[in-house]
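Below is one structure, written out as structure tokens; comments come after it.
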Amino acid sequence: MEWLTILLCVTFSLPLIFMLRLHGRKKLPPGPPSLFFIAKFLLPWRRVPDIGPMLRGLHARYGPIISIWFLRTFIFVADHQLTHSFLVKGGGNFDDRPPPNAIMKLFFPRGIGVSPYGAYWRLVRRNITMQVLHPSRIRLFAPARQRACEAMVASLRDNDADVITVRPLLARSLFELIVEMSIGARLSREVLDEMQAMNQEIFLAMAEFPVFSILPALTMRKRWARYVSLREMQSEVLLPLIRATRSADDAPCYADSLIKLRVADEGDRPLTDAEMVSLCSEFMIVTMDASVSMMEWIMAELVSHPEAQAKVYEEVRGKTDVSEGEDDLPYLRAVILESLRLHPGAHLILPHRVQSDTEVGGYMVPKGAVINFFVADLGLEETMWTATQDFQPERFLDGGADVDMDITGSREIKMAPFGAGRRMCPGYMVAMQHAECLVGTLVREFQWLPLARAEDATIVDMTEEQASFIVMKHNLQACIIPRA
Ligand code: HEM
């Protein structure tokens, strides 16, 4: 039944789409015919992230900026300078977001990431930046980081398994930390398990096949009903935690700031329950997988490169608190940057929407168009980097070619794992600090070795898989030796 509905929707949309594509074709960037795109991308088994690898081929054929018509103009950009022109030099013209798809609207209806450019977005963005992610606030969570690291090390010491699977270990420690930062609670293992499972289900829903997110009530009735009940559960679990009374001795958490926030433009009203649940779950769900994937790749590179691991160890040994953001771990910071260059997380950053007609690179970029930035290959571009395939953290250290690389891209974009411009990820500093803290602790306490396989005892399988992020196809497994 679901199949029949999809087929009918697509069939009846085709003539209209084709006519609309012809209209307005003149000055747009080149691109494949809409029909080709629909036939390839809107197949029922496609998932949202599948568009990344498809775009690589389209850019190779049509150039660094392409357009595709599907109910509106979609522009795809895969070039350092053009990305900089849009996101950094473009003023406010590209800082809007398109309306969220049905799944994002259900789970995060008033999240920062999906909010259109305007007063509400400025309010909630300023709030998270100043009240939670500002370095002075991050410092207050040092005890929480310490607890998460100690629990992680204890779980490894108590574990007598020969082989450690790294991802779930990192995911649990980071989740404990993120929960404490967002709702100020230290939850039991059972509650954390339940919340992690629920969040994972919501996260996977975000990558559903695009047609499902266009017409969910028609195309995926059963699944949609499940998602609606998940959203209800999400509110039931989170609201009491957000509204709970917290001790004045604890660091002020995200929920505290949301309760105090007032929307001045709307009669100075407080945030609604739905808004607070949206914002807290955005903090807990959307950011988790990106951070865990980043750390798993970093660990994989360190297991593959024992000489780099030894240098990280030299830096962190003897430090009780690894990384309090004092720039005192230059080599580990360089390892993180090098890993992000090679494994940038996602093919595309979040979509932006054009606010007024503009000409860029000789092409018309019309008002209302949705612009996507294909950032996955920026770190491998041979015109920008040397030895692109090699793992060389030294490039980011004194004397290295990229010592001045600016991850915010304000001067120049060389890689953009966190986006750039006014809608750049506000959590980039905390994400890197958490990586320093967790990875640094793992290396301080244990030596990490590849699995001893008969064929080659030094190889880690770095094959990528396109999930919601670019993840390791085979979760990193390693052997550990406690450091003396
Ligand atoms: C490795 C971890 C992370 C990666 C790779 C990442 C990446 C990104 C990217 C690419 C964007 C879109 C930028 C754009 O549209 O130009 C974004 C947006 C965002 N990120 Fe992150 N992020 C990470 C961790 C975090 C963390 C830890 C937080 C918060 C605690 C966070 C909060 C946000 C928010 C709220 C937005 C929406 C910004 C807006 O639309 O104004 N992220 N992130």
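For ligands, and for the atoms within them, numbers begin at 1 and follow the listed sequence.
In this structure, the side chain of T73 does not engage the main chain of W69 through any donor-acceptor pair within 3.5 Å. A donor-acceptor contact shorter than 3.5 Å links the side chain of E315 to the backbone of Y331.
Regarding atom 43 (N) of ligand 1, its nearest protein heavy-atom neighbour is C425 CB, 3.1 Å. Atom 12 (C) of ligand 1 has L350 CG, 3.7 Å as its closest protein atom, hydrogens excluded (heavy atom only). Here the heavy atom of the protein found nearest to atom 36 (C) of ligand 1 is P426 CD, 3.5 Å. For atom 13 (C) of ligand 1, the nearest non-hydrogen atom of the protein is R423 O, 3.3 Å.
Some N or O of R125 is nearer than 3.5 Å to an N or O of ligand 1, by distance alone. Remark: ligand 1 and R422 share no N or O pair separated by less than 3.5 Å (distance only, no angle test). For a threshold of 3.5 Å applied to N or O pairs, the pair formed by T287 and ligand 1 contains no separation below that value. Some N or O of R97 is nearer than 3.5 Å to an N or O of ligand 1, by distance alone.
Judged purely by distance below 3.5 Å, without hydrogens or angles, the side chains of R97 and H352 pair a donor atom with an acceptor atom.
The ring-ring contact (aromatic ring centres under 6.0 Å, His included) test with H343 is passed by exactly one of F469, W297, F391: W297.
Few gaps surround CD on E464; more than 12 heavy atoms of other groups in view lie less than 6.0 Å from it.
Under the 4.0 angstrom criterion for non-hydrogen atoms, W121 is in contact with ligand 1. Contact annotation: A290 has at least one heavy atom less than 4.0 Å from an atom of ligand 1. Heavy atoms of M432 stay at 4.0 angstrom or farther from ligand 1.
Looking at S293, P344, P417 and measuring to atom 7 (C) of ligand 1, the nearest heavy atom belongs to P417.
Of all atoms in ligand 1, numbered sequentially from 1 with element shown, those under 4.0 Å from a heavy atom of I349 are 10 (C), 14 (C), 16 (O).
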N93 and T358: side-chain hydrogen bond (donor to acceptor under 3.5 Å, both in side chains), yes or no, with the steps? CA-CA 9 Å; N93 197 24; T358 319; 2.6 Å; yes

